[in-house]
Protein chains: 2
Amino acid sequence: MKFAAVDVRQAASAADLVYEALRKAIIEGKIAVGDNLRQEEIAQMFNTSRIPVREALSRLEQHGLITTQRYKGAVVAGLSIEEIDEIFEFRALIEAEVMRLAVPNLDRATLDNARGYCDAFDRETDPHRWGEINRQFHTTLYEASGRPYYLQNVQSSLDRIDRYLRAQLTFTNGVPRAGREHEAILAACEKGDAELASHLTRDHILDAGRSLMTFLRDQRG
Amino acid sequence: MKFAAVDVRQAASAADLVYEALRKAIIEGKIAVGDNLRQEEIAQMFNTSRIPVREALSRLEQHGLITTQRYKGAVVAGLSIEEIDEIFEFRALIEAEVMRLAVPNLDRATLDNARGYCDAFDRETDPHRWGEINRQFHTTLYEASGRPYYLQNVQSSLDRIDRYLRAQLTFTNGVPRAGREHEAILAACEKGDAELASHLTRDHILDAGRSLMTFLRDQRG
DNA sequence: ATATTGTATATTGGATCCAATTTTTCTATA
DNA sequence: TATAGAAAAATTGGATCCAATATACAATAT
């Protein structure tokens, strides 16, 4: 055995690339709700055939990001107020628990990373970046929970409402408030107070949810 | 307009049929963990081509029921003890909450249905049916919560561990105990005691989890 | 002018074909 | 006999082709 181990990561298939690109575009709101996703068009964008595109669309549907109708095609899925409300409630439940489980495992490096994202969030002026940094702040802490299945479900929920969360941050002046709440959560983590960090996380999510609800009710009538 | 409206439900595509059939076979344990799923073989079983099969496999992978490697194919995914443990913990969290939310909405018909499944569970002698009835008993109650997103996540978690749950019921003499716990949960529902029903549900799941853990640790060494 | 029906076009679903890669088998050699 | 390497077979990934269905549009009748 003379050779260093090589990282033989799985090469990505065409379907993987298309899936990831579409997923990103949808959760960032680059493609609007209701927009039609035509297979041939997407295939040409990626210089491939419709087969990998169809696989990607099928996966997106499983994750609730698009809806499809036989022979009619796929459209980006929107969420009703009730659905958004439910997902925020769900997130509050799970993420509070994940936070509680994470606190005892937090080490210096993780806390420093979280601090970095926390500061970056406050400093950021580009609205498009807020959602991204906010998400990284939370997941950095959550990962310490050592609960991959919980994490998967958190990511999946976030994918569904990320677009709306960004709207909340951008249009409802939610950023300063979110920044303060991040500080409080991080302080609880530093103190090792799992119960407090958990409750603050829950409130943080429910606050954002309520703020978004009133914004959407205003907007949609 | 002389004719009654007809329910023109979406006809299922070949991919849908293959997906559902494979999903059922996997969660019921008809296909063993590690078994290879060859596309051509499955295609012939369903009198179709490999294209719909590939779509079905792609969806199954998204749900964690199989793992695939490029150019190597798909195998039924097993769970480590740690993963099973985590999923039981996750279920306890979510299902307890769903139960709490359901109780205020339970009506006579739903309670009667649940009673039916509860009795059927106790009367059933075929081990293969226990898992199925157990699942129906719980979901019948959960549906009253009016939380489709929670429900989806519950179903997804159950899909992952259903095989192991059946093993627990069959091999660890868990049926009489589960039966008694069902009775207690149903009684709490009848009384309208959401808090009690929630706690009993949590304990019911954690009990089954612990029982399964010791069984698996014995078995796997 | 409007509604309705027939037709052309576009789009999706599925089958077949070819390319890329892995797995198996065979063979030569030590 | 065991083993390394090459050839063959099997398997998956992707492209192209055809069939099924939906949409757009024009022609017709009222």
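Owing to the predicted nature of the structure, the values given are computational and were not obtained by experimental measurement. Within every chain, numbering begins at 1; the chains are lettered A, B, ... in the order of the sequence lines, protein sequences first and strands thereafter.
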Rounded to whole Å, CD1 of I51(A) lies from P of dG13(C) at a distance of 11 Å
Given atom CD1 of I42(B) and atom C1' of dT11(D), what is their separation to the nearest angstrom?
13 Å
Charged N to carboxylate O under 4.0 angstrom, E20(B) versus R23(B)?
yes
Starting at the 5' end of DNA chain D, which residue's closest nucleotide do you reach first, K72(A) or N47(A)?
N47(A)
When all nucleic acid strands are considered with a 4.0 Å heavy-atom cut-off, which category describes L57(A): base, sugar-phosphate, or nothing?
nothing
Round to a whole Å and report the spacing from CD of Q69(A) to P of dG13(C).
11 Å
dG14(C) base / R50(B) side chain donor-acceptor hit below 3.5 Å
no
Nearest-Å distance, CD (E40(A)) to P (dA10(C))?
12 Å
Please give, in whole Å, the distance from dA10(D) P to E41(B) CD?
14 Å
Base, sugar-phosphate or nothing for R38(A)? Non-hydrogen atoms, less than 4.0 Å.
sugar-phosphate
Using a strict threshold of under 4.0 Å (side-chain N to carboxylate O), is an ion pair present between R210(B) and D207(B)?
yes
Could you tell me the separation between the CD atom of Q44(B) and the C1' atom of dA10(D), rounded to a whole number of Å?
13 Å
Could you tell me how far apart Q39(A) (CD) and dA22(D) (C1') are, to the nearest whole angstrom?
14 Å
Within the structure, does a side-chain N or O atom of T68(A) lie under 4.0 Å from either OP1 or OP2 of dT12(C)?
no
Considering all heavy atoms of both residues, which atom of I27(B) and which atom of R166(B) are nearest to each other, and what is their separation?
O-NE, 4.1 Å
Looking just at side-chain N and O atoms, do E95(B) and T201(B) make a donor-acceptor pair shorter than 3.5 Å?
no
What's the closest nucleotide to the Y71(B) side chain, out of dG13(D), dG13(C), dG14(D)?
dG13(D)
Send over the distance from I66(A) CD1 to dT12(C) C1', rounded to a whole Å.
13 Å
Does the base of dG14(D) carry an N or O that pairs as donor and acceptor with the side chain of R54(B) under 3.5 Å?
yes
Distance alone, cut at 3.5 Å: any donor-acceptor contact between the side chains of R59(A) and S58(B)?
yes
